[in-house]
Amino acid sequence: MDFPRYHKDIVSDLLDGKFILATDAKFIELKNSADFYGKFFKETFEFYLDIKSDYAYLISEETMEMLSRDICIFLGLLCYELDKEGKNFLEEIQYAEFEYDYIDSLLDNSSYIDLIQNNNQLKNSEARRQFFGTLNRRNIIDRSSSDKRFTFTPAYKVFMDFAKNFAKGKLNAAEAEAIEE
């Protein structure tokens, strides 16, 4: 059977939880073979392939992993702290380069320190460095050459969209409850 170019790498990356970014040659092959890969992942693993304009990833309804939760918590805290400093957090996340020391300072001085200290991935500087290593391996952040700075890749949008939909669901549930009263 003939498989698309980069098939093994595409499958391996996606099954490892990586986002395939539009800047990667594999993304073009994946996008050009979207029907094949959509069917392949659905029939083989019962995963859904989601291809956006600038990244692709797999979705599973049968997951118990906690990394997505921790990423959402991290992004929520980061957005809150940036907003508190008067910064447009969406622009910052999309365009700014962050220093690890700056992130440590924000989180160490956060009013949500109890939440941070109870999260194994965020509780201290060492844990955060490992967390950022995971984010880098999954193509959610891109480390600079100095290894002291990073930028977010377009993959951050998955978690922002989740937060937005979650908030809308909470608001809709609250509105529905208010109407029933």
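The model shown is predicted, which means the values in this text are computed figures rather than measured ones.
- A single hydrophobic cluster is seen to contain both Phe19 and Phe150, as judged by linkage of ILVMFWY side chains at heavy-atom distances under 4.5 Å, directly or through other members.
- Summarising the geometry of Ile20 relative to Phe27, their closest heavy-atom pair is O-CD1, 3.5 Å, with the distance given to 0.1 Å.
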(Q) For a side-chain contact (heavy atoms from CB on, under 4.5 Å) check, start with the C-alpha distance between Asp101 and Lys148, then their side-chain angles and the critical distance, and finish with the verdict. (A) CA-CA 8 Å; Asp101 292 341; Lys148 293 183 180 192; over 6 Å; no
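- Using a 3.5 Å distance cut-off with no hydrogens or angles, the side chains of Ser110 and Glu81 do pair a donor with an acceptor.
- Hydrophobic clustering (ILVMFWY, side-chain heavy atoms < 4.5 Å, transitive): Ile59 and Met160 are in one cluster.
- Linking Ile, Leu, Val, Met, Phe, Trp and Tyr residues whenever their side-chain heavy atoms come within less than 4.5 Å leaves Phe162 and Ile73 in two separate clusters.
- Salt bridge annotation for Arg129-Asp104: present, with a cationic side-chain nitrogen under 4.0 angstrom from a carboxylate oxygen.
- Atom CG of residue Asp70 and atom CG of residue Leu122 lie 6.0 Å apart, to the nearest 0.5 angstrom.
- Each of Tyr112 and Met66 belongs to its own hydrophobic cluster when Ile, Leu, Val, Met, Phe, Trp and Tyr are linked at side-chain heavy-atom distances under 4.5 angstrom.
- With respect to the salt-bridge test (charged N to carboxylate O, under 4.0 angstrom), the residues Asp147 and Arg143 qualify.
- Considering Phe132, Phe159, Phe98 in turn, Phe132 is the only one that fulfils the ring pair (Phe, Tyr, Trp, His ring centres under 6.0 Å) rule with Phe74.
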Q: Check step by step if side-chain contact (heavy atoms from CB on, under 4.5 Å) holds for Leu58 and Asp50.
A: CA-CA 6 Å; Leu58 290 178; Asp50 196 353; over 6 Å; no
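- Closest non-hydrogen pair, Glu97 versus Ser144, comes out as OE2-CB, 3.7 Å.
- Annotation: Phe41 is not in aromatic contact with Tyr48 [ring centroid separation under 6.0 Å not met].
- Remark: Asp16 does not engage Lys18 in a salt bridge, criterion side-chain N to carboxylate O under 4.0 Å.
- Looking at every heavy atom in both residues, Leu67 comes nearest to Gln121 through CD1-NE2, 3.8 Å.
- The environment of NZ in Lys39 is sparse: at most 12 heavy-atom neighbours from other residues, nucleotides or ligands sit within 6.0 Å.
- Of all the heavy atoms in Thr153 and Asn139, the pair that sits closest is OG1-O, 2.5 Å.
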Q: I would like to know whether Phe47 and Leu15 meet side-chain contact (heavy atoms from CB on, under 4.5 Å); could you show each step before the answer?
A: CA-CA 9 Å; Phe47 292 160; Leu15 289 177; 3.5 Å; yes
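- Of the N and O atoms on the side chains of Arg128 and Ser125, not one donor lies less than 3.5 Å from an acceptor on the other residue.
- A side chain to side chain contact (heavy atoms under 4.5 Å, CB included) with Leu78 is found for one member of Phe152, Phe89, Tyr156 and no other, namely Phe152.
- Using cut-offs of 30° and 60° on the angle between ring planes, the pair Phe40 and His7 is perpendicular.
- Minimum interatomic distance between Leu107 and Ile116 (heavy atoms only, all atoms of both residues): O-CD1, 3.2 Å.
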